[in-house]
Amino acid sequence: MCGIVGYVGNRDVIKVLIDGLVSLEYRGYDSAGIAVNDEGNIKIYKSIGKLINLKNLLQEKKSEIKNVKSGIGHIRWATHGGATEFNAHPHTCSCGKLVLVHNGIIENFKELKEKLIKEGCIFRSQTDTETIAHLFALEYGKTHDLKQAVQNGLKQLKGAYAICVMHKDEPDKIVATRKNAPLLIGLGENENFVASDIPAFIEYTKKAIYLDDGDIAVVTPTNIDFYDENDNLIKKKTEQLPWEPIALSKLGYKHFMLKEIHEQPDVIRNVLNGKLCSIDEPIVLNEVQIDNDKLKNLNRIEIIACGTSLHAAMVGKYIIEDFTGIAVEVEPSSEYIYRKTVTNDKTLVIGVSQSGETADTITAIRQAKEKGAHVLIITNRPDSSMARYADSLIPVSAGIEISVAATKSYTAQLLSFYLLAIKLAEIKNSLSLEYLKNLKHELIQIPVKLEEILNNKIEIQKCARKFANYKNFIFIARGINLATALEGALKLKEVSYINATGYAAGELKHGPIAMLDETMPVLSILIPGGITYDKILSNSEEAKARNARLIALTSAEDEHLKDIFENIIKIPPVPEILSPIIANVPCQLLAYYISEFLGKDVDQPRNLAKSVTVE
Ligand code: AGP
């Protein structure tokens, strides 16, 4: 949520800031702003709505900007206070000399605000962030040293933050700090960058230093000093980022979502690479740092996640229980953190998160760790906060995902669960060699099957056009594909704003059937040969009897299906146990094409942000 970029150096500062914000736009997009030090004057430009508004404003104001060597920028996803210009960052103190941008939430901002108002500070916004600006400015008045002011001010803040601050009287300097919110420094020649995420500066440098909680960095074009929370000068490790700027381009696709859907066959090949080398060899998962004896005797796993990652967790539960007999509980992180759980030092807790920054999941895994559990994180961002808290880490290797709607990262999460479940089964000896070989053989075939679906996407596009104008949508499935139904509905909701719901097909007759009539499309996921095929067919017939408009997603060749279903989306044959990886992709395409047909903002749907860093 929200994005930060800062720059000190000789480039066109406005361009660096705006380009940086563009690359962070997937993190939030309610409003945006920048502040620059222009020959000793702090100038601030803000706009509500998408970044294009800020770009246009800066174009208009171009002539008033003279010689800028430093600046900070922010793109906001509103939490405290609506998306207004006053609430947009950067925020300043009463005299306008100190300016800052902030990601996160200041929990004690109300008390601080009251205190600061009594001390004469004039507030202009409803944000928690403005409190920090006034607080740091008061401290600056005592010390006339920006780093010291930040150091003193931080002692009074409670909550999560990534902050970049500038002061009129200390030009060409950014002071940056973080706690429970990501922030890193990009290192250049006579220039340096600060950002909440890598895309903001990857075009200019691949050398970076990650800040840890409590660190303060004093960044100038030619130098960076790091201090810990006790004000000791510290040394930090420089890392070489394994990213290519090309990963941030749409490569000719109309939207990132479509590009990312198409990347899935290669993502799977990538995930399998080195982990599933041949059907005769065991799965290699060196990342799981638990000894085999402990894994063998494991009798309880808890998986915590949110949103799409929660759906991957549901598939994870199904296959781990099926392959190993180990009891698995799945819970949304936001529920896990507010109850007395039975997690203890014998529990393996798996946190699943594309971004590795989701606040609820971070809190949940911290609680689990406090209770002594081994925490295994499955994430697409091995550089994330969650990865840092993890005892073990399975990187899902999907590559950067820009579209707010998760697609390829979900597929990669599923694959990671399959590899983990097979690995556990191998350790526990709970599956026959024949079954394992067949499973591995089928897994290796999946990329080609996905390519087949992608090559026939025109049929899904036609179906999308036919159903795009319906106001409601139901996805039904049973067993392992219940998660697929829920994820299909979530994807459609997110990008098209259609009221889509996923149900266990058997539950339809216990209530939701009341909603069915000719205005309700129902998509049934039917995997022939699976244990629930006939049952879902019966549930679909029940829906047909209420005049619902039926779509089948299936590999069945059954001619009889044409009598029940108005549209049939074909998928290649696949064993039911692996079918979530295949069946999900047409659902992604359906959601994408409906959204595109309706002219929605596919990659940046309203009210959403790519990583949700508030609880
Ligand atoms: C996915 O399409 C969603 N945007 C959202 O549900 C997401 O999966 C959820 O916020 C969890 O994010 P995470 O995987 O980064 O933790």
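This structure is a prediction, so every number in the text was calculated from the model and none was measured. When a residue number appears, it is its place in the shown sequence, counting from 1.
- In this structure, OG1 on T484 lies 11.0 Å from CD1 on I582, to the nearest 0.5 angstrom.
- Side-chain contact annotation: N270 with S397, donor-acceptor N/O pair under 3.5 Å absent.
- A donor-acceptor contact closer than 3.5 angstrom is absent between the side chains of Y497 and S595.
- Side-chain contact, N380 with Q354: a donor N or O sits under 3.5 Å from an acceptor N or O.
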| query | Could you go step by step and tell me if Y253 and H262 meet the ring-ring contact (aromatic ring centres under 6.0 Å, His included) rule? | reply | CA-CA 9 Å; Y253 287 97; H262 278 80; 5.1 Å; yes
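- Salt-bridge check for K440 with D280: failed, with every basic side-chain N at 4.0 Å or more from each acidic carboxylate O.
- At least one cation-pi condition fails for R478 and Y503: the charged atom is not both under 6.0 angstrom from the six-membered ring centre and inside a 45 degree cone around its axis.
- Residues satisfying the side-chain contact (heavy atoms from CB on, under 4.5 Å) test with K562, not counting sequence neighbours, are E559, I568.
- A salt bridge does not link E357 with R381: none of the charged nitrogens is closer than 4.0 Å to a carboxylate oxygen.
- Between E329 and R300 there is a salt bridge, with a side-chain nitrogen of the basic residue lying less than 4.0 Å from a carboxylate oxygen of the acidic one.
- The only member of H255, Q461, K457 that meets side chain to side chain donor-acceptor pair (under 3.5 Å) when paired with Y592 is H255.
- Using cut-offs of 30° and 60° for the angle between ring planes, the Y418 and F323 rings count as tilted.
- The shortest heavy-atom contact between A468 and I498 is O-CD1, 3.7 Å.
- Interatomic distance, CG of N481 versus CD of E487, reported as 12.0 Å (0.5 Å rounding).
- Looking at K449 and E442, a side-chain N of the basic residue comes within less than 4.0 Å of a carboxylate O on the acidic one, giving a salt bridge.
- Q264 and T411 are linked by a side-chain donor-acceptor pair at a separation below 3.5 angstrom, with hydrogens and angles left out of the test.
- Side-chain contact check for T308 and K491: at least one donor-acceptor pair (N or O, by modelled atom type) lies under 3.5 Å.
- For E507, there are no side chain to side chain donor-acceptor pair (under 3.5 Å) partners at least two apart in sequence or on another chain.
- Counted by atom type alone, K466 and N567 present one or more donor-acceptor pairs between their side chains at under 3.5 Å.
- The number of heavy-atom neighbours closer than 6.0 Å to NZ of K371, taken from other residues, nucleotides and ligands shown, is above 12.
- Salt-bridge formation is detected for the pair E263/K408: a Lys NZ or Arg NE/NH1/NH2 atom is positioned less than 4.0 Å from an Asp or Glu carboxylate oxygen.
- Between E541 and K544 there is no salt bridge, since no side-chain N of the basic residue sits under 4.0 Å from a carboxylate O of the acidic one.
- Looking at T363 and D360, their side chains never bring a donor and an acceptor atom within 3.5 Å of each other.
- For the residue pair T347 / E302, no side-chain donor-acceptor distance below 3.5 Å is found, with atom types taken as modelled.
- Classification of K570 and E557 as a salt-bridged pair holds, one side-chain N sitting under 4.0 Å from a carboxylate O.
- Judged by distance alone, with hydrogens and angles left aside, the side-chain atoms of S496 form a donor-acceptor pair with the main-chain N or O of L492 at under 3.5 Å.
- Taking each heavy atom of T379 and S355 in turn, the nearest pair found is OG1-C, 4.0 Å.
- In K369, the NZ atom is crowded: over 12 heavy atoms of neighbouring residues, nucleotides or ligands sit closer than 6.0 Å.
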